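Here the structure is laid out as structure tokens; the discussion comes afterwards.
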Amino acid sequence: MFEKIYESLIADLEKFYLKDETFNMKNFIDNTVNCMVCLKKMDNEALSKINYIGFSDLISMRDRFNEQNEEFRIREFVSFLFHYYSLYTKIEIGSDEWVEKSNAIDEHIEDYFLEQRRHSAVTHYKNLMLENEQSDFENVLELLSNQLKRYDVNLYYCKKILDFFDKYYPDEIFPQDTFFLNNYLGNTVDLMILTISKLYLDACDVKKRKNCGIKYLQSFIGIKVSDKSNIKDILKKASAKIKEVVSIAEKLEPVRDKLIAHFDISDIDTAQNVKMHINEFVKIYDLSCEILELLSLGYFNYKDGFSQNMIQANNFKFFVCQDPWCHNPNQYYESDIDSYLKTIKMKFDACKLKPVNNNGSKE
């Protein structure tokens, strides 16, 4: 029985690589499971008589079956199966063709199980929305993800510059060295305020597909998802976090309207008196990442195997909302802003060490 199923799996692999329309991944997975069940029931003596497969490898694999989840067991067994398929078809082990075909079957199996998990996830957007509405939902999510990544980069640079100014006061450094930094800070803060306004303060219109921010995403789900019973807790948590952001962000509205978008002379003084601490910008960003994770309804988690693995290995915020260059875990990595600030520090420290003439000036 084992040999018969095993040989049929080898034949199925051939169909897969030839893109034969009769190949069916579900049937292939089911047959793989049946083959593993047969393997589990066989004793060592029976296995040793099957001379065209690796006896010791199969024994080792069989003994581990109870220690691993089904997906991993299947992927491991198919990897073993492919090894002997490559010998059968005379593919050179380790060659580019071998690697390509090995990865292809493994990725398709991973995608199959990913799709199975998606179907069973009652809070996944594809199980809640009509098919013709899903594309708009995906586009909005990608747009918001990119906005948060850009916001993250601006926030990263601002924090670096402010930390620098906290240690090296601008009046102690040559003005020409800090002109760019001060100018960048002013422009970037304006840009972050505009981003916050787009995400939370502008009135959205789902029907006309305008002002696609966080509020738009919230309204989109409210309109397009008819049965909200499975996501009511998600919507409740997201709504509370949105209110928290708006309570911080609403003071920025006059700054955007009266000072950034255009000038209103009668209100400029009021707008200029609005104070926003860097920690408040950080708080808005962190809450926005949490809100996007809630309202994405599993889109990023089930987008593909790579996305799911990256989110599980790190977290949603790191993979979906942050720029990888700004959060490189390598301790020896130095960003461009780090290099720039280091140069200014070296110049500043060198000036402090210069001897002073009798007239009080440094040589």
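Fair warning: this is a prediction, and the values are worked out from it, not measured in the lab.
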(Q) Taking the ring centre of each residue, are Y84 and Y88 less than 6.0 Å apart? (A) no
Q. If you draw the axis of the six-membered ring of Y17, does the NZ or CZ of K101 fall within 45° of it and under 6.0 Å from the ring centre?
A. yes
Q.
I'd like to know if the side chain of D152 reaches the main chain of C326, judged simply by a donor and an acceptor atom lying under 3.5 Å from each other, with no hydrogens or angles considered.
A. no
Q. Can you list the steps and then say if K251 with E280 is a salt bridge (Lys or Arg N to Asp or Glu O under 4.0 Å)?
A. CA-CA 11 Å; K251 67 180 178 181; E280 292 180 286; 3.0 Å; yes
Q. Under the 3.5 angstrom rule, does the side chain of Y333 hit a backbone N or O of W325 as a donor-acceptor pair?
A. yes
Q) Can you find a pair of side-chain heavy atoms, one from K126 and one from E131, that are under 4.5 Å apart? A) no
Q. Is it the case that more than 12 heavy atoms not belonging to R150 sit under 6.0 Å from its CZ atom?
A. no
Q: Give a yes or no answer on whether the side chain of Q322 reaches the backbone of H327 with a donor-acceptor pair at less than 3.5 Å.
A: no
Q.
Is it the case that atom NZ in K228 sees more than 12 heavy atoms from other parts of the structure closer than 6.0 Å?
A. yes
Q: Determine, for F300 and K303, whether the Lys NZ or Arg CZ falls below 6.0 Å from the six-membered ring centre while staying within 45 degrees of the axis.
A: no
Q: Taking all heavy atoms of N31 and all of I5, pick out the closest pair and write down the distance.
A: O-CG2, 3.4 Å
**Q.** Backbone of E334 reached by a side-chain donor or acceptor of D338 within 3.5 Å
**A.** no
Q: May I ask you to check whether Y85 and E14 show a side-chain donor-acceptor distance below 3.5 Å?
A: yes
Q | Expected output: side-chain S307 to main-chain N301 donor-acceptor under 3.5 Å | A | no
Q) With a 4.5 Å limit on heavy-atom distance, are the side chains of M346 and L341 in contact? A) no
Q. Should I109 and M25 count as side-chain neighbours, where that means a heavy-atom distance under 4.5 Å?
A. yes
Q. Which word best sums up how the rings of F77 and Y6 line up, parallel for under 30°, tilted for 30 to 60°, or perpendicular for over 60°?
A. perpendicular
Q) Applying the 4.5 Å side-chain criterion to the ILVMFWY set and letting contacts propagate, would L143 and L199 be lumped into a single cluster? A) no
